[in-house]
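Shown next, in structure tokens, is the structure this report addresses.
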Amino acid sequence: MTSTTSDQKDTSCPLMARPHCQRLVSKDGRSLMRGSAPGCRETWFGALRDMWGTWLALRWRWVVLAFCSSFLLHWLLFAVLWYLLARVNGDLEVPDHNSPPPGHVLCVKHVTGFTAAFSFALETQLTIGYGTMYPNADCPTAIALLALQMLLGLMLEAFITGAFVAKFSRSQKRCGGILFSPQAVVCEVRGQHCLMFRVCNLLPRPLVDVCVSAVLYEESDNHELHQTAIEFSVDNLGSRPCPLFLSPLNFYHPLTPTSPLNSATSSKNFELVVFLTASQESTGSGYQKKTSYLPNEIQYGSCFAKVTSRYGKGRGKAESMRYFDTQPSPLTLPNTHTGDTLEKEHVSVQINGEGCDRLE
């Protein structure tokens, strides 16, 4: 299979949202699948119905902007309300608030303009209390407006504080040091052909209970998406989780005659999405990472280079990528499950979008 043929098949796939991202999951784990494109009104209504999820999905630059804007708008809104209260009550016409005219009850002392009203709204929300401006207990409207501002302000602070904590504690954002190999390989392991990928842990702490699951997505001729579970294991652990994640781990799937990858490999129209979950040993915090492999990201007749030493602290991501180097490993066993097509044809492998390696 050549890269041109693969591109033509991927472009015809209706599940891909953009022509330059013909996959469901990116290499760094971002979901690229898009549903039907709703109108602008439906999009905004959907975002409002799921405000919490929308907030957590925003990038940090937009979160900080929304944080500042929400407080500024809150202060500005109540500055307008305090200014209107002072104007309706006639406080703006009083020349000296320290000695108001007889019979006139001031609602807020020393609110003589919009700037003073904004300052009072700011002091009320942040409970600064400089002492110059304060509401009058003899004005019920001022007390009611004060209670309303404090209630809404506390709700706003609780929401934003919880959202910041939730964004910091997201498991996907804590596992930037977990790296998947940019390509998978097909080699011989213990007398049988196996599909294998490698995972590297760059975090400064070990992980425990490492579990890997995979789903094979295939698109049929009528554009139906079929999902099949694929089991990967480490050494002889089988389906049990790996107890400790220190050195790079090799996860492999035997290509037996009953493997779902057989029919998918012959059709060349599939995507293998891999999910990894782990826990931190000291705190029990969860980690989640995923990636995907397209047909042109699988090297046949290759294996990963042996790891001779464990990486230590301070090793950068670029230096650790050498643990994903591959070397030729000819397939000497008879390939009974897929015929001889995979060994005879040219397979184009593209690693991170930089060039292609062709194997025969």
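Not measured: the values here are computed from a predicted model. We're numbering straight along the sequence, starting at 1.
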- Enter the distance from Ile143:CD1 to Asn136:CG here, rounded to the nearest 0.5 Å. 7.5 Å
- Task: Can you see which heavy atom on Ser181 is nearest to which on Lys27, and at what distance?
- Result: O-NZ, 4.3 Å
- Under a 4.5 Å cut-off applied to non-hydrogen side-chain atoms, are Tyr217 and Val25 in contact? no
- Message: Assess the residue pair Ser292 and Lys290 against the criterion (side-chain contact (heavy atoms from CB on, under 4.5 Å)); give the C-alpha distance rounded to whole Å, side-chain angles, the decisive distance to 0.1 Å, and a yes or no.
- Response: CA-CA 7 Å; Ser292 70; Lys290 64 178 180 292; over 6 Å; no
- Over all heavy atoms of both residues, which pair between Leu255 and Leu195 is shortest? Give the atoms and the distance, please. CG-N, 4.0 Å
- Query: Which heavy atom of Ala142 sits nearest a heavy atom of Cys107, and at what distance?
  - Reply: CB-O, 3.7 Å
- Task: Given side-chain contact (heavy atoms from CB on, under 4.5 Å), test Ile298 with Val186 step by step and report yes or no.
- Result: CA-CA 7 Å; Ile298 300 177; Val186 174; 3.8 Å; yes
- Item | Point-to-point distance, once rounded to the nearest 0.5 Å, from OG1 of Thr326 to CZ of Arg198 | 10.0 Å
- Message: Please check if the number of heavy atoms outside Tyr134 that lie under 6.0 Å from its OH is greater than 12.
- Response: no
- Roughly how far, to the nearest 0.5 Å, is the OH atom of Tyr83 from the OG1 atom of Thr115? 10.0 Å
- Working to the nearest 0.5 Å, report the span between CG of Leu154 and CD of Gln149. 10.0 Å
- Atom CD1 of Ile230 and atom CG of Leu216: how far apart are they, to the nearest 0.5 Å? 5.0 Å
- Query: Can you check whether Gln280 reaches Tyr287 side chain to side chain, under 4.5 Å on heavy atoms?
  - Reply: yes
- Item | Single-linkage hydrophobic cluster Met155~Leu145, side-chain heavy atoms < 4.5 angstrom | yes
- Quick one: closest heavy-atom pair of Asn89 and His104, and the distance? O-CE1, 2.9 Å
- When the ring planes of Phe164 and Trp60 are compared, do they come out parallel, tilted or perpendicular, using 30° and 60° as the limits? tilted
- Query: Is the count of non-hydrogen atoms from other residues, nucleotides or ligands lying under 6.0 Å from Glu231 atom CD greater than 12?
  - Reply: no
- List the atom of Asp235, the atom of Arg190, and the distance in Å for their closest heavy-atom pair. O-NH1, 3.8 Å
- Note on the structure: Between Phe114 and Leu76, the two heavy atoms sitting closest are CZ-CD1, 3.7 Å
- Are any non-hydrogen side-chain atoms of Val108 and His97 less than 4.5 angstrom apart? no
- Message: Below 30° counts as parallel, above 60° as perpendicular, anything between as tilted: where do the rings of Phe78 and His74 land?
- Response: tilted
- Item | Student check: side-chain heavy atoms of Ser329 and Ser302 closer than 4.5 Å | no
- Message: Is there a path of hydrophobic side-chain contacts, each under 4.5 Å between heavy atoms of I/L/V/M/F/W/Y residues, joining Met133 to Leu148?
- Response: yes
- Identify whether Phe71 and Leu77 are in the same connected component of the hydrophobic contact network (ILVMFWY, side-chain heavy atoms under 4.5 Å). no
- Query: Is there a side-chain contact between Phe197 and Thr291 (heavy atoms, below 4.5 Å)?
  - Reply: no
- Task: Would you mind reporting whether Ile178 and Leu207 have side-chain heavy atoms less than 4.5 Å apart?
- Result: yes
- Item | Linked, directly or transitively: Phe245 and Phe180 (ILVMFWY side chains, under 4.5 Å) | yes
- Task: Is it possible for you to say whether Leu249 and Leu272 belong to one hydrophobic cluster, with membership spreading through side-chain heavy-atom contacts below 4.5 Å?
- Result: yes
- Query: Among His193, Met196, Gln299, which one satisfies side-chain contact (heavy atoms from CB on, under 4.5 Å) with Cys187?
  - Reply: Met196
- Contact check, side chains of Pro101 and Val94, non-hydrogen atoms, under 4.5 Å: yes
- Message: What I want to check is whether the side chains of Ser259 and His253 have a donor and an acceptor closer together than 3.5 Å.
- Response: yes
- Item | Euclidean distance, Trp82 CH2 relative to Ser119 OG, rounded to 0.5 Å | 13.0 Å
- With side chains defined as the heavy atoms from C-beta onward, is the minimum distance between Gln183 and Phe304 less than 4.5 Å? yes
